[in-house]
Amino acid sequence: MSITAWWEKWKGEPTHWHNLDGYFKPIVTRFFITWFAAAPLIASLIREHPTIFVLPFDWWILWLASLAYAIAFALHACRCPQFIKRYPTYPAYQARGHSPRWLVWEFHGCWTSIDKAGREKLENRVVEKNYAKVSSNDLKLPKKPQVFKEGTIFQFPHDGKSYELKVKEDAPEELARDLFWEISGRWSSSRAKTRFSIWGLLAIAMALVVWTVVQDICFVLSLWVKN
């Protein structure tokens with residue numbers, strides 16, 4: 001695989017926000033944060049009682065792994081889009097009991113917050129799927145969705161024209177589900193620099209953990225050989 005092909009694959013869906021969730025489960029977080037907090041005490045005990053307290057690995061390597069993880073955790077907590085946190089799946093969105101109209105507000109929130117490339121992709125998708133249609137109102141566009149009896153509408157400029165996304169109370173389930181995933185996809189691929197930073201920090205943390213495991217194995221094997 002060429003470097004270009006590898007990069008295209010790497011920067012795509014595998015690195016999106018929703019794939020980071022598994023690394024911040026409580027069981028993983030407890031391991032790293034516990035060691036991060038306990039390492040100074042352990043280091044102090046090793047220094048004061050070197051003949052009693054002996055670790056089969058370098059404590060500071062695992063502490064660095066915990067530090068890298070802690071920074072990644074903080075970045076994820078602060079920068080992961082709220083949409084992804086609240087609605088990791090469509091059933092999670094449905095469980096909130098929102099009206100189909102609410103998707104127009106979610107579209108607006110996404111459209112106004114993501115970068116230009118993501119915004120254009122979102123526009124193209126809803127226009128291509130005929131969810132948004134050319135509006136007869138080409139004057140000053142409202143900045144927020146407008147609520148009417150016949151539906152909630154948001155107008156936005158695209159390719160020099162004014163389009164409107166309109167969702168009714170009785171919108172088909174297929175439309176609501178597909179529009180949800182279009183919004184989710186754009187949020188999940190947003191804030192690329194932060195996402196790549198988190199992946200890099202996690203890679204460092206995992207590599208350092210693997211190194212301590214290797215040290216631990218070597219320590220045990222050395223004792224076995226001596227015996």
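A donor-acceptor contact closer than 3.5 angstrom is absent between the side chains of Q82 and W187. In the model, Q94 has a side-chain atom that pairs as donor or acceptor with a side-chain atom of E173 under 3.5 Å.
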Task: Full working for side chain to side chain contact (heavy atoms under 4.5 Å, CB included) between I27 and F31 - done: CA-CA 6 Å; I27 187 172; F31 168 76; over 6 Å; no
- [ ] Start with the C-alpha gap between F107 and V167, add the side-chain angles, then the distance that decides, and say whether side chain to side chain contact (heavy atoms under 4.5 Å, CB included) holds.
- [x] CA-CA 11 Å; F107 177 93; V167 178; over 6 Å; no
- [ ] Could you give me the CA-CA distance, side-chain angles and deciding distance for W105 and V147, then say whether side chain to side chain contact (heavy atoms under 4.5 Å, CB included) is met?
- [x] CA-CA 10 Å; W105 290 95; V147 179; 4.1 Å; yes
- [ ] Decide yes or no on side chain to side chain contact (heavy atoms under 4.5 Å, CB included) for V126 and L179, but give the supporting numbers first.
- [x] CA-CA 8 Å; V126 296; L179 185 56; 3.9 Å; yes
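The distance from the CZ atom of F73 to the CG atom of L202 is 11.5 Å, given to the nearest 0.5 Å. The structure places CD of E106 at 5.5 Å from CZ of R86, a figure rounded to the nearest 0.5 Å. Interatomic distance, K166 NZ to R101 CZ, rounded to the nearest 0.5 Å: 9.5 Å. Residue S135 holds its OG atom at 11.5 Å from CZ of F154, rounded to the nearest 0.5 Å. Taken to the nearest 0.5 Å, the CG atom of L165 stands 11.0 Å off from the NZ atom of K133. Here the straight-line distance linking atom CD of E120 with atom CG of D115 works out to 9.0 Å at 0.5 Å rounding.
Under a cut-off of 6.0 angstrom, the local environment of CH2 in W111 is crowded, with over 12 non-hydrogen atoms contributed by other residues, nucleotides or ligands. Shown here is K85, whose NZ atom has more than 12 heavy atoms of other residues, nucleotides or ligands within 6.0 Å.
When all heavy atoms are compared, the tightest approach of L122 to C110 is CD2-SG, 4.0 Å. The two residues A65 and V209 make their nearest non-hydrogen contact at CB-CG2, 4.0 Å. The shortest heavy-atom contact between Y87 and H98 is OH-NE2, 2.9 Å. Scanning all heavy atoms of the two residues, the minimum distance from L208 to I61 falls at O-CG2, 3.7 Å. Taking each heavy atom of V28 and G22 in turn, the nearest pair found is CG2-O, 4.4 Å. A pairwise comparison of heavy atoms in I198 and F24 identifies CG2-CZ, 3.9 Å as the closest pair.
Using bins of under 30°, 30° to 60° and over 60° for the plane-to-plane angle, the ring pair Y69/F32 lands in the parallel bin.
No donor-acceptor distance shorter than 3.5 angstrom exists from the side chain of R186 to the backbone of R119, with no hydrogens or angles considered. Of the possible donor and acceptor atoms, none in the side chain of H18 sits under 3.5 Å from a partner among the backbone N and O of T89. A donor-acceptor contact shorter than 3.5 Å links the side chain of W17 to the backbone of S190. With K144 contributing its side chain and H108 its backbone, the two residues share no donor-acceptor pair below 3.5 Å. Of the possible donor and acceptor atoms, one in the side chain of R191 sits under 3.5 Å from a partner among the backbone N and O of R79. Checked by atom type and distance alone, the side chain of T112 pairs as donor or acceptor with a backbone atom of G109 at under 3.5 Å.
Between F180 and W102, the gap from one ring centroid to the other reaches at least 6.0 Å. Between F83 and Y93, the ring centre distance reaches or exceeds 6.0 Å.
Hydrophobic clustering, with ILVMFWY side chains joined whenever heavy atoms are under 4.5 angstrom apart, groups I71 together with M206. Hydrophobic clustering, with ILVMFWY side chains joined whenever heavy atoms are under 4.5 angstrom apart, groups I114 together with I183. A single hydrophobic cluster is not seen to contain both I33 and I204; linkage of ILVMFWY side chains at heavy-atom distances under 4.5 Å, directly or through other members, places them apart. By the rule that hydrophobic residues join a cluster once side-chain heavy atoms approach within less than 4.5 Å of another member, L175 and V127 end up as members of one cluster. Note on Y163: it does not cluster hydrophobically with F148, by side-chain heavy-atom contacts below 4.5 Å among ILVMFWY residues.
K168 has no carboxylate O lying under 4.0 Å from a charged side-chain N of E150, or vice versa, which leaves the two without a salt bridge.
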